[in-house]
Q: 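Handing you this structure, nothing more for now.
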Amino acid sequence: MTSDRELRVSKIQSGTVIDHITSGQALNVLAILGIDGTDDEIVSIGMNVPSDRLGTKDIVKVEGRELSQGELDVLSLIAPVATINIIRDYGVVEKHRVDRPTEVTGVLQCSNHNCITTEDEPVDSHFEVLDDGVRCVYCDTIVREDLAAHILA
Amino acid sequence: MRHDHVISAKQLTRGDIESVLDRARDIAADPSAYASRHDGALLGLLFFEPSTRTKMSFSAAIKRLGGGVVDMGPVDASSVKKGESLADTVRVIEGYADALVLRHPSEGSAKMAAEYVDVPLINAGDGAGQHPTQTLLDIYTIRENAGLDDLSIGIMGDLKYGRTVHSLAHALTNFETTQHFVSPDTLALPRSVRYDLHEEGASVKEHTDLEHILPDLDVLYVTRIQRERFPDESEYRAVAGQYQIDAGTLGAVADDLVVMHPLPRVDEIASDVDNTDHARYFQQAHNGVPVRMALLDQLLEGEQ
Ligand SMILES: [Zn+2]
């Protein structure tokens with residue numbers, strides 16, 4: 001009998017498998033990756049999959065796609081124990097945990113609608129990562145709840 | 001202080017604050033000694049929302065140092081309405097001036113603008129964010145009237161949106177002060193300021209009622225609660241009425257309680273307080289000129 005991971009991972013030829021996602025966050029992970037089904041990327045999702053480590057977890061597999069550092073940074077905020085498996089020729093060629101960054105730039109929108117970064121100015125959003133949430137370096141607003149809702153499209 | 005931008009009170013150390021205050025005291029003692037100190041220097045005024053007071057105070061300060069102003073003028077007459085970005089506006093105007101003063105309705109505007117200019121930029125209020133030069137003159141007034149050691153200060157009114165409150169609260173963490181925040185629950189300190197005060201290990205207490213802490217205070221700093229923070233007039237009147245003071249309120253306080261207000265006031269301090277020894281808010285407003293002179297003197301000195 002193959003393990004849970006092999007069973008779900010081995011079918012992808014090349015691309016990325018994001019495993020050990022906090023249950024319920026799979027769709028938010030897709031949002032971070034900008035995947036909404038309108039492109040031709042092949043995507044599989046497992047939700048509430050039994051996991052020895054987490055009880056249950058979500059898994060996202062994306063064919064032909066690797067992740068940018070910015071995407072990994074935000075991913076780490078909503079799925080702090082996620083593992084990233086880079087697959088080539090049906091095999092895991094690289095496997096790493098997400099790192100919690102000290103700051104994230106250009107990937108989250110400030111929740112303060114009066115913040116200069118939400119206006120039509122040549123400035124990227126920029127957040128300092130706190131133990132519990134993130135903080136806009138421009139207006140100081142602390143965002144703790146529902147970070148995924150603040151992901152820039 | 002380095003010749004640099006002045007964006008937030010959070011960036012000010014005790015040493016920064018004291019060096020501005022010491023210089024302000026020298027200036028106040030002998031203004032004529034500074035009258036030609038920055039002959040010909042030009043201060044660029046960019047006020048994207050009306051603020052007669054702060055603007056006049058900066059104008060007076062630079063003129064009393066021998067300089068002058070170039071003023072963008074009211075916003076409706078400027079290119080802003082035509083859709084020019086703030087980043088473009090400041091990059092153009094920095095070519096006309098030796099330092100810039102910016103008042104803008106968006107939080108974080110001064111920080112962003114400073115990233116685009118090389119001349120010193122002073123934040124004169126960014127939305128509900130920060131107003132560091134107000135804080136310098138507030139602390140100057142506190143130091144002159146009550147001292148800054150072992151100080152107990154009450155800060156009352158709109159603590160949520162009040163940028164003068166946010167700046168003052170940050171700056172006071174450099175001194176041995178206990179800060180009592182008095183406001184309705186709906187206008188209590190924002191999470192970000194509370195977070196910083198906690199990180200700094202500041203001594204902070206929050207109250208919804210002034211009466212029981214009033215006898216313990218050395219300074220009471222009153223701010224305006226604005227009508228637009230409330231859904232209707234009657235709720236506004238009911239709540240705001242609890243955070244107003246008059247001579248009767250001050251009947252039981254220590255003789256040397258100092259009452260301050262960033263002005264303009266509406267009715268949160270009754271006019272019968274004006275003639276008591278407690279009232280220092282007009283002196284506070286006047287202190288804006290020597291304190292801004294001191295700050296400009298330092299910033300322009302660094303530019304030479
Ligand atoms: Zn912001």
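Protein chains get the first letters and strands the later ones, always in sequence-line order, with residue 1 at the start of each.
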Q: Who wins among A:C110, A:C136, A:C139 for the most heavy-atom pairs under 4.5 Å with chain B?
A: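 It is A:C139.
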
Q: Quick check on B:H166 against chain A: is it the side chain, the backbone, both or neither that has a heavy atom closer than 4.5 Å?
A: neither

Q: Between B:P190 and chain A, with a heavy-atom cut-off of 4.5 Å, which part of the residue counts as in contact: side chain, backbone, both or neither?
A: neither

Q: Closer than 4.0 angstrom, basic N to acidic O: yes or no for A:R65 and A:E71?
A: yes

Q: Does B:R194 pair with B:E206 as a salt bridge, N-O distance under 4.0 Å?
A: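 Yes, this pair counts.
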
Q: Is there a donor-acceptor contact under 3.5 Å linking the side chains of A:E119 and B:S106?
A: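 Yes - a donor-acceptor pair under 3.5 Å links their side chains.
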
Q: Take atom CG in A:D120; do more than 12 heavy atoms of anything else shown fall under 6.0 Å from it?
A: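 Counting neighbours around CG of A:D120, 12 or fewer heavy atoms of other residues, nucleotides or ligands fall under 6.0 Å, so no.
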
Q: Could you tell me whether B:D126 and B:K111 have a side-chain N and a carboxylate O separated by less than 4.0 Å?
A: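 A salt bridge is absent here (no side-chain N lies under 4.0 Å from a carboxylate O).
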
Q: Sort A:D140 into side chain, backbone, both or neither according to what part of it lies under 4.5 angstrom from a heavy atom of chain B.
A: both

Q: Below 4.5 Å, heavy-atom pairs only: which of A:V137, A:N112, A:T117, A:N114 has the largest tally toward chain B?
A: A:N114

